[in-house]
Each structure stands twice: as C-alpha cells, then as structure tokens.
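These notes concern the structure reproduced below.
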Amino acid sequence: MDLMEKNLELVEIQKLEGHTDRVWSVAWNPVSSHADGVSPILASCSGDNTVRIWEQSSLSRSWTCKTVLEETHTRTVRSCAWSPSGELLATASFDGTTGIWKNYGSDFECIATLEGHENEVKSVSWNASGSYLATCSRDKSVWIWEVLEGNEYECAAVLSEHTQDVKMVQWHPTMDVLFSCSYDDTIKVWWSQDCDGEFECVQTLGESNNGHSSTVWAISFNATGDKMVTCSDDRTLKIWGTDIARMQSGEEYVPWSHLCTLSGYHDRTIYSAHWSRDDIIASGAGDDAIRLFVDSHDSVDGLSYNLLLKKNKAHDNDVNCVQWSRGEGDRLLASASDDGMVKIWQVATKP
Amino acid sequence: MTLGLINANPVVQAKKERLVRTQEDQYRDDGVDPLDIYEYVRDIRDPEHPYTLEQLSVLSEESVTVDDKLDRILIKFTPTVQHCSMATIIGLCLRAKLNERLPLHYKVDILVSPGSHADEDSVNKQLNDKERVAAAMENPNLRQLVDECIFSDEI
C-alpha cells in the first residue's frame, strides 16, 4: 500500500479542553483500544500540575475527561507513561519526583513517589516487560528503577554521562536497552551486558556520527525496533538503524548508525516525533504544525522519506507532543500543545 | 544573588523622549509594530540597578524586529558587560513581559547582541529553551525577581 498515492488528510476528531495551562505530553493506554473491545484511554499532563485521563464513550464516540490526577505534584507534570499492562501510570514532574498511579475503577491513587533527582524530572519510560522504569532530569542523570513486589521501587542505577539536561528516556520496544537524549545534543545508549542490572553507556550518537547540532528533544522506535527517529532544536529529524536480529541473537552490543536526515521541512524546534505501527512518522513542532512522513521506498539512494502531509495551525501554539494510538489500523493521533488543548486526529482519505 | 554588583558603574543614559505617534505612523492594521513591542519592554528595570534596560542601553529601538509574514519577533539585547551573569535574568524578564501582552501565536526569539557576551551561544541556547524557561519561572525566588523588574513602573 503506497500511502503517497492516496489523497490523505489529518481530520480533527475532537478538541479536549480542561487543562488550565500548556499541555506537555499525552500517552495512550496500551491495552485499551477499539480492537480490544475496550474504550481507548488517553492521559495528558500539564503545566497546571495535573494529569487528566480521557476516555472515549463507546456509545456517543465522544471523549470526556474521566478523572483529574491532582494535589500530588506541586509543579508542572512534564510527561507520563503507562506500564505495559496498562494498570499503572508513571508521571514525571518539575517538582523532582516521579509519581506512580494505580487505576482503581473510577479513580486513580498515587501508590508510590520516586525521589532522588536533584531537580526537574523530564521524562519517564517503562521497559517492555514492565520490570524497569527509567527517569531523567535537568540534573543531567538518568536513573533506572527496578519494579519490585508490593508497589516497591528500587533505584538500580544512576547514570551520569550526559553533560547537560536530559530531555527524554525511552526503552527499546523489545530489548532492555535504554536510550536517552539531551540538551548536550547527543543520544546515549545504555545496556547491561550481563543483564545483571549494571548498565553502562555503550554508545553516544553525537555530531561526529551525523548526529544533531542542537538539543535532542525526543526518540521514537518503529514497531520492529530496528529503526528509531529523533527530533531536535536543529529542526531536523534523523533516522537511525541497527541490525536488531544480530543484537537479539548475540551477546554483543550492535551499534546504531545514522541512516537519513530529514531537513528543510521544519523551521522551528521539533519537540516530538512518533513512529506509528504502520510506519508513518508524525512530528510536532514550534510552528504549531503537525507533519507526517513516510518511507519513499525509493531504493536507489538508500533510505529516504517523503512528507505525506502538513497540517498547518494544528493548534494555536507550539505542538509539544504527538502520539499515535496503539490500536492496529485506526490511525488515530493525539497531540498536546502550549495552547492548553489536547486534540484527537484521524488520518483519512480525502472525500 | 551575588554580594557584589556585576557591574558597579553602569553607564546611564537619559530617559528618551517618548514620541507622540500619529495615526499615519501606525503600522499595518493586522501586523505588530516593532515600536509597540519596544514600548512594552523599554521600561523593564535592570535586575541589579534602579534604571531601565533602555537607560542602560541594554535595549534600544533597534533591538526589536518583527517578521509579519511568520508572526515572529526577535529581540536582541546588549548586556552591560561581557561576563554578565544577569543575562539570563534579563532574557526571562523580556519573555515574561511579552507573554502578558502578546497574542498567543506570536513566536519570540531572544538573543544577546552578537559579540556582546563571552558565553553568547550558551546564553542564547538557554534563553530559547522553553522548557528551561518554564521551569525557571516556577522557581518562586526567580519569579519574584522577574516580577519586580517587569512591574517596577507600576509599583
């Protein structure tokens, strides 16, 4: 199916209002989608110090705010992430803590608070099995936490190799390899050779590896985990790849290498990039637009990408986060913005 | 806060005459006049001295440029000394003041004038990282200092 041949557009399904300050991030609950027969659930987090949980009614098909997680974080909640089981939500805050929330039917309760970072926590990520949590901060460190029984979390590693504010952490989709990106313009890869919890930095992707020339804001992997996209203040998206089969079968770390740079498409900072299950890369930028990119399948010059579509004025202000829903084939995209809104979009064929 | 002033002997210029602007002077109706922007920021008080940024020549009318097509505003300011550690505070004051006054969709970039600061690139990067700016403004002490500087004409 060649997406470029279809006449596609990004249709706004609904605008979710409620936050009273900018919305920084959104996260789809992994186990709820129409395909599972369960209503899709979306979490959003904001400069108003709260997290909102939104649910789509199966009857009316409209989205409403099911609950507000408040009175816990005392400052901006910068990002949030659902555990793989969908039962827990981790929230990263400028107050220096990471909250762990459990869903008890109609309400959420904060069952644990992870402390340790010296200042603002920027991002939180669960590994594929839910046995590890990673957080990162302006204090330049990346922390790995082990998830134990009885709502207990134990710090397994404090990794201090970035030289500046760490913006995001993201576990690989299938392997226990951790990626972080930073204000120091690099992406670092962390791996534990003996799987004993001793993580170390096994690779740094910087300017000398065809890396970014300014702050790297986000990382996203494709479904198979052999490619990732990164986005930056340098206004480019970069695609990286590795021989994932070799890495999965062997004992050795297999390095990532630069495959492609998408430049000239953005003229403001790109805050977010997300790779869908059916290979569409979405970007959210400081020019209020959302862009979608697809592989051109032009095998002459190696990997290259085409702009599938650009949605101008997707929001009234910067787009901070774009996230594809987890369901197969529904092509739903959620976006978060400085305008205080969350929007739900659908990729559809033009009438 | 440092005990000694970064720049103990600033050069102070006289307060500039405010020009009375006529209807003909008005810029395009749907655009933003750089001089209007300048009006918002010229009286911001310096964090260290009881003078405005204009009086200390940190800002002048030439500091503000507007790209009407893209709705972008660029402000270049000149710290009084090369190693001014107040540069980031001044940048925060500029942003805070403009946040109040400007329509939501305007993009504001704040830079130090080329060659005016020893850590030019590093200061510029910090001033334009909105996440860093947001976190700084949540710091009550910093917020108070910024508020004192931007609301000084109303005290």
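Predicted model only: the values in this text are computed from it and were never measured. Proteins get letters first, then strands, A, B, ... in listed order; numbering begins at 1 in each.
- The pair A:Asp185-B:Lys125 meets the salt-bridge criterion, with a side-chain N (NZ, NE, NH1 or NH2) lying under 4.0 Å from an Asp/Glu carboxylate O.
- The minimum heavy-atom distance between B:Ala135 and A:Arg75, with the atom names listed, is O-NH2, 3.0 Å.
- Between chain B and the residues A:Asn119, A:Asp267, A:Thr269, the most heavy-atom pairs under 4.5 angstrom are made by A:Asp267.
- For A:His73, there are no ring pair (Phe, Tyr, Trp, His ring centres under 6.0 Å) partners two or more places apart in sequence or in a different chain.
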Walk me through whether A:Arg268 and B:Arg72 qualify under side chain to side chain contact (heavy atoms under 4.5 Å, CB included).
CA-CA 11 Å; A:Arg268 299 292 290 182; B:Arg72 288 180 196 172; 3.5 Å; yes

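- For A:Tyr265, the OH atom is densely surrounded, since the number of other residues' heavy atoms within 6.0 Å is greater than 12.
- Of the atoms belonging to B:Asn128, not a single heavy atom falls under 4.5 Å from chain A.
- Using a 4.5 Å heavy-atom cutoff, the side chains of B:Glu131 and A:Tyr271 are not in contact.
- In this structure, A:Gly286 and B:Lys107 approach most closely via the heavy-atom pair O-CE, 3.0 Å.
- Smallest separation of non-hydrogen atoms from A:Tyr183 and B:Ser122: OH-O, 4.2 Å.
- Per-residue counts of heavy-atom pairs under 4.5 Å with chain B were compared for A:Lys167, A:Arg138, A:Lys313; the largest is that of A:Lys167.
- Put simply, CG on A:Asp233 and CG on B:Asp129 are 7.5 Å apart, with the number rounded to the nearest 0.5 Å.
- Side-chain contact between B:Lys130 and A:Arg22 is present, with heavy atoms from C-beta onward closer than 4.5 Å.
- Within 6.0 Å of the CD atom in B:Glu100, the count of heavy atoms belonging to other residues, nucleotides or ligands exceeds 12.
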